[in-house]
Asks: 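I'd like to ask you about the structure that follows.
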Amino acid sequence: MDSQLHIYNTLKGDKELFKPITEGQIGMYVCGPTVYSDVHLGNCRTFISFDMIYRYLLHSNYKVRYVRNITDAGHLEASLAGKTRLDQLEPMEIVQKYTVGFHDVMGMFNNHPPSIEPAATGHIIEQIEIVKTILDKGLAYESNGSVYFDVEKFNKEENYGELSGRKIEDLLSGTRDLDGQDEKRSPLDFALWKKASDSHIMRWPSPWSDGFPGWHLECTAMSTKYLGDTFDIHGGGMDLKFPHHECEVAQGKASTGKSPVNYWLHANMLTLNGQKMSKSTGNTILPGELFSGDNDIMDKAYHPTVVRFFMMQAHYRSILDFSSAALTASEKGFTKLMNAMAELESVAGGSDSSFEVKDLTESFYAAMNDDFNTPVLVARLFDAATWINKIKSGEASISNADLELLKKEMKAFVFDVLGIRTLDASGGNELDAAMDIVLELRKNAREQKDWGTSDLIRDRLKDAGITVKDSAEGSTWSSN
RNA sequence: GGUCCUGUGGCCGAGCGGCUAGGCAGUGGUCUGCAAAACCAUCUACAGCGGUUCGAAUCCGCUCGGGACCUCCA
């Protein structure tokens, strides 16, 4: 792999050289969350994957406009209706609650906020305009106040299924009987506009009925509004590939005549007990439960940055299974890498290097340029960590220039690209100050070889949940 | 049923035609008042069967597992 970025494009089914439409600039859209319940960890993996991609593009000196929507209307409607009656809440109150919660969780995972985070309800007019356009082109029809996309007609000129690799005949043979199908000409047709039933609270006027936009329309409206008719990257979870993204392609082509996206990226699922995490099946764990340890699935609590690091040790296109054993293994590796990062600050440079530092740092780029291969990047970072430890123990040496290079690139990849944060045991609070005093007293005792006092302090702190570790440089502590 | 993905050492997880992935655990060392930690070194692989090839974990076929989508889902 050369030093240029190659990305696996679902549309092509292969890795290809990435070339933005405009030199040096990238438009990226990612399907965001539906905010009628808490985001679960599976959702988070997708957003963390694309945050990593966003970060690497920024690191590669691209100017990126990153748009990620909030789904607060449309296909959220049905679930909201029931919940609203039950809780006596306004729909937008639910939306607000879970949007805030979503942002909190994203922040804990150290995800950058997107450049624009548009809400579906704020773009009803744009969606109606697209429906009108597709109707004008004759690729949609009105039926009983609703408007449907005519898939079979579209397929005569275009290829419905080009993204997901499906054939319209196969799709037809596999359809099932569902409610409301009688309004459609074909079971494959999907709604662009839905007439609201009496029980629906969220509704907007339109030329066809009081209703709400169809399932897939918001992403088409918001992505093209902020990024143009054709933009560079569209991302989302693998489960959205069909029908959601397939329909976006169809809508885009139907309304503008152009393929809306050059590179389609799909992040794979997070599984729990070998099964996909899913709201509907209840096979989920919430981020908060994971961080607090308050759950029946994991053995202990895990810090958000450790969870993020764990995810970075797998490729974004691979299914990743979540388990306590795997998390704990990652946590230890994380500590090892962070120790090396800290060590790097105090390492001394010399006149020459005993290893190829430039090859090492270039391997970081090679890994990421190969379809954002974070597990390989992490492997190379561990190689770097071993070298740092060898320099420390005198088994290896590094020149001043190479040391600066290594510091610069390691910090860039660990903190900026992977988005990992250091885990400070100290919080800059009263406990911190008190521990300084306790450890100073213990240090005095140890200098007097008063092991009784020294061990008493260590043992009692252990009982209190604070672990003290001695090393040549002094004692450190951490609380569980 | 249709479409597609996948099966790597004790565990997690890269690689996808020839070159040590990496992490955790295990084992052996170093360090240390003790403890813990840390550091260094190191063993165990490519689901099975057949084929292509000078050479296959990597390509092809079959068999047997696992999973996703086809219905809201990241």
Side-chain angles (χ1 to χ4, degrees), chain A residues 13 30-34 36-37 39-50 71 74-79 161 164-167 169-176 178-179 187-188 215 235-244 246 266-271 274-281 284 309-310 313-315 317-323 325-337 339-340 343 363 367 370 373-383 385-386 388-390 392-393 395 446 449-451 454-455 458-459 462 467-473 475-476 478:
Chain A
V30 172
C31 290
T34 49
Y36 62 83
S37 62
V39 269
H40 62 70
L41 201 65
N43 299 311
C44 293
R45 169 128 93 152
T46 296
F47 301 129
I48 290 169
S49 292
F50 285 103
T71 295
H75 61 279
L76 158 66
E77 202 72 22
S79 359
S164 56
R166 282 155 207 270
K167 291 188 178 67
E169 308 84 66
D170 295 338
L171 287 167
L172 279 168
S173 68
T175 51
R176 311 173 197 180
L178 295 165
D179 292 342
L188 297 185
W215 292 259
M238 204 72 99
D239 50 352
L240 295 184
K241 184 158 58 169
F242 189 89
H244 185 58
E246 194 67 59
H266 289 98
N268 219 135
M269 302 291 100
L270 192 63
T271 60
Q275 298 289 130
K276 176 190 170 187
M277 275 197 203
S278 164
K279 278 174 192 164
S280 52
T281 60
T284 60
F309 181 71
F310 167 70
Q313 283 190 289
H315 188 91
R317 278 192 295 113
S318 298
I319 291 170
L320 177 61
D321 193 59
F322 211 70
S323 70
L327 254 299
T328 301
S330 258
E331 187 176 46
K332 290 184 180 170
F334 169 85
T335 304
K336 180 180 185 172
L337 185 60
N339 286 160
E343 213 56 68
S363 73
D370 183 12
N373 199 326
T374 54
V376 168
L377 168 63
V378 171
R380 298 290 78 78
L381 289 170
F382 276 115
D383 289 344
T386 298
I388 291 167
N389 290 325
K390 283 185 175 177
K392 187 196 170 196
S393 66
E395 292 173 72
R446 294 182 75 217
K449 297 202 188 299
D450 178 2
W451 310 125
S454 166
D455 292 352
R458 188 174 65 198
D459 294 345
K462 182 83 181 169
T467 307
V468 174
K469 292 172 190 166
D470 302 323
S471 72
E473 292 84 36
S475 302
T476 58
S478 60

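Naming: A, B, ... by sequence-line order, numbering from 1 per chain. All values below come from the heavy atoms of this structure, side chains included, with hydrogens, waters and symmetry mates left out.
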Asks: Please list each protein N or O that sits under 3.5 Å from an N or O in nucleotides 11-17 of chain B, with the distance.
Replies:
residue : atom : partner : partner atom : Å
B/G13   : OP1  : A/D321  : N            : 3.4
B/G13   : O2'  : A/Q313  : O            : 3.3
B/A14   : OP1  : A/H315  : N            : 2.7
B/A14   : OP1  : A/S318  : OG           : 3.0
B/A14   : O3'  : A/N373  : ND2          : 3.4
B/G15   : OP1  : A/N373  : ND2          : 3.0

Asks: Considering only the P atoms, how many Å lie between B/C49 and B/A45, rounded to the nearest integer?
Replies: 16 Å
Asks: Using whole Å, what does the distance between atom P of nucleotide B/C70 and atom CG of A/L171 come to?
Replies: 11 Å
Asks: Output the rounded distance in Å from CG (A/L240) to P (B/A68).
Replies: 15 Å
Asks: Across the strands shown, which category fits A/G161 at heavy-atom distances under 4.0 angstrom: base, sugar-phosphate, nothing?
Replies: nothing
Asks: Take nucleotides 33-44 of chain B nucleotide by nucleotide from the 5' end and write B, S or -, depending on whether a protein heavy atom sits under 4.0 Å from the base, only from the sugar-phosphate, or from neither.
Replies: BBBBSSSSS---
Asks: Is it true that a side-chain atom of A/N373 and a backbone atom of A/V376 form a donor plus acceptor pair closer than 3.5 Å?
Replies: yes
Asks: When the nearest nucleotide of RNA chain B is assigned to A/L270 and to A/F242 on a heavy-atom basis, which residue is associated with the more 5' position?
Replies: A/F242
Asks: Using atom P of each nucleotide, how far apart are B/C60 and B/C73 to the nearest Å?
Replies: 33 Å
Asks: Starting at atom CG of A/N43, determine the distance to atom C1' of B/C73, rounded to an integer number of angstrom.
Replies: 8 Å
Asks: Considering only nitrogen or oxygen atoms on both sides, find all protein atoms under 3.5 Å from nucleotides 56-59 of chain B and state each distance.
Replies:
none

Asks: What's the NE2-P distance between A/H244 and B/U71, to the nearest Å?
Replies: 15 Å
Asks: Can you measure A/N268 atom CG to B/G7 atom P for me and round it to whole angstrom units?
Replies: 12 Å
Asks: Look only at the side chain of A/S454 and the backbone of A/D450, and say whether a donor-acceptor pair between them is shorter than 3.5 Å.
Replies: no
Asks: In whole Å, measure the gap between the P atoms of B/G13 and B/G51 for me.
Replies: 33 Å
Asks: Could you report the tightest heavy-atom contact between A/H40 and A/K279, atom names first, then the distance?
Replies: CD2-CG, 3.7 Å
Asks: When the P atoms of B/C40 and B/G55 are compared, how many Å lie between them, rounded to an integer?
Replies: 40 Å
Asks: Expressed as a whole number of Å, how far does the P atom of B/G28 sit from that of B/A37?
Replies: 16 Å
Asks: Expressed in angstrom and rounded to an integer, what is the separation of A/R317 atom CZ from B/C4 atom P?
Replies: 17 Å
Asks: Expressed as a whole number of Å, how far does the P atom of B/A21 sit from that of B/G29?
Replies: 26 Å
Asks: Specify the separation, in whole Å, of atom NZ of A/K276 and atom P of B/C72.
Replies: 12 Å
Asks: What interatomic distance, in whole Å, is found between C1' of B/C16 and the corresponding atom of B/A74?
Replies: 27 Å
Asks: With A/H266, which residues qualify under ring pair (Phe, Tyr, Trp, His ring centres under 6.0 Å), at least two apart?
Replies: A/H245
Asks: Between which residue ranges does RNA chain B form stems of three or more consecutive Watson-Crick or G-U wobble pairs, both distances under 3.5 Å?
Replies: B:1-7 with B:64-70, B:10-12 with B:22-24, B:26-30 with B:38-42, B:47-51 with B:59-63
Asks: Below 3.5 Å is the cut-off: list the nitrogen or oxygen pairs between protein and nucleotides 27-29 of chain B, distance only.
Replies:
none

Asks: Taking NE2 from A/H266 and P from B/C4, how many angstroms apart are they, rounded to a whole number?
Replies: 16 Å
Asks: Whether A/D383 and A/R380 form a salt bridge (side-chain N of Lys/Arg under 4.0 Å from carboxylate O of Asp/Glu) is what I want to check.
Replies: yes
Asks: Look at all strands and tell whether A/R45 reaches a base, only sugar-phosphate, or nothing, counting heavy atoms closer than 4.0 Å.
Replies: nothing
